[in-house]
A.B. asks: 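Can you read through this structure? Questions will come right after.
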Amino acid sequence: EDLIRLVLTDRSAVIYVYYADDTPYLAVSWQRGDNLWLVIASLEGVIETAFVVENPESYLNRSMFHYLGAMAEVVE
C-alpha cells in the first residue's frame, strides 16, 4: 500500500490509458532505482494490479498503452 501511494503521488510518475479489450484503465509508471513500477486502476479508482515491469521499453510501447503525460502535467 505504501509503495502504491508513492507511485500515485510522485509528480514525476507517468500516466497512460491502458485498454483491455474496450475497457480503459489508468496506468501509472514510476521509476524507483533500477525498477519501473506500474500501477493499473479502473477509472473508478479501484487498484487492479501493481508490479515491476520487465523490459519496460517494449512493454509500454505496446498498442494498448496510450501515453498521457507526466503526473505533474496531467494532474494539477
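Keep in mind that what you see is a predicted model, and the values were worked out from it rather than measured. In what follows, residues are counted from 1 in the order of the sequence shown. The figures here come from the full heavy-atom set of this structure, side chains too, leaving out hydrogens, waters and symmetry mates.
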A.B. asks: Between Leu26 and Met64, is there a shared hydrophobic cluster once you connect ILVMFWY residues whose side-chain heavy atoms come closer than 4.5 Å?
C.D. replies: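 No; tracing contacts between hydrophobic side chains, which count when under 4.5 Å, never links both residues.
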A.B. asks: Quick one, Val52 and Arg32 - any side-chain contact, counting heavy atoms below 4.5 Å?
C.D. replies: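 Answer no - side chains too far apart.
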A.B. asks: Ring centres under 6.0 Å, that's the criterion: do Tyr19 and His66 meet it?
C.D. replies: yes
A.B. asks: Considering non-hydrogen atoms only, spot the tightest contact between Asp34 and Gln31 and give its length.
C.D. replies: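 Scanning both residues, the minimum pair turns out to be C-NE2, 3.6 Å.
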A.B. asks: Could you check if a side-chain atom of Val53 sits within less than 4.5 angstrom of a side-chain atom of Ser29, using non-hydrogen atoms only?
C.D. replies: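 Not in contact.
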A.B. asks: Rounded to the nearest 0.5 Å, what's the gap from CD1 on Ile47 to CD1 on Ile4? Could you check?
C.D. replies: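 Ile47 CD1 to Ile4 CD1: 5.5 Å, rounded to 0.5 Å.
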A.B. asks: Do you know which two heavy atoms are closest between Ala13 and Val7, and how far apart they sit?
C.D. replies: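 Heavy-atom minimum between the residues: CB-O, 3.5 Å.
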A.B. asks: Would you find a donor on one side and an acceptor on the other, under 3.5 Å apart, between the side chain of Glu57 and the backbone of Asn61?
C.D. replies: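 It does not hold such a pair.
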A.B. asks: To the nearest 0.5 Å, what is the distance between OG1 on Thr23 and OH on Tyr18?
C.D. replies: 10.0 Å
A.B. asks: Do Asp10 and Ser12 have side-chain N/O donor and acceptor atoms under 3.5 Å apart?
C.D. replies: yes
A.B. asks: Where is the tightest heavy-atom contact between Glu48 and Ser42, given as atom of each residue plus distance?
C.D. replies: OE2-CB, 3.8 Å
A.B. asks: How about Met71 and Val14: do any of their side-chain heavy atoms sit closer than 4.5 Å?
C.D. replies: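 Result no, sub-4.5 Å side-chain heavy-atom pair not found.
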A.B. asks: When hydrophobic residues are tied together by side-chain contacts of less than 4.5 Å, even through go-betweens, does Leu3 share a cluster with Ile15?
C.D. replies: yes
A.B. asks: Just to verify, which of Leu8, Leu38, Leu68 counts as forming a side chain to side chain contact (heavy atoms under 4.5 Å, CB included) with Val28?
C.D. replies: Leu8
A.B. asks: Heavy-atom distance under 4.5 Å between the side chains of Glu54 and Leu36, does that happen here?
C.D. replies: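 No, too far: nothing below the 4.5 Å cut-off.
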A.B. asks: Do Leu43 and Tyr25 make a side-chain contact, defined as non-hydrogen atoms from C-beta onward lying under 4.5 Å apart?
C.D. replies: no
A.B. asks: Below 6.0 angstrom between ring centroids: does that apply to Phe65 and Tyr59?
C.D. replies: yes
A.B. asks: Working to the nearest 0.5 angstrom, can you tell me the gap between Asn35 CG and Trp30 CH2?
C.D. replies: 9.5 Å
A.B. asks: Grouping I, L, V, M, F, W and Y whenever their side-chain heavy atoms are under 4.5 Å apart, do Leu6 and Trp37 come out in a common cluster?
C.D. replies: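 Linked, Leu6 and Trp37 end up in one cluster.
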A.B. asks: Under 4.5 Å between side-chain heavy atoms, counting indirect links through other Ile/Leu/Val/Met/Phe/Trp/Tyr residues: same cluster for Ile40 and Leu60 or not?
C.D. replies: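 Cluster IDs for Ile40 and Leu60 match.
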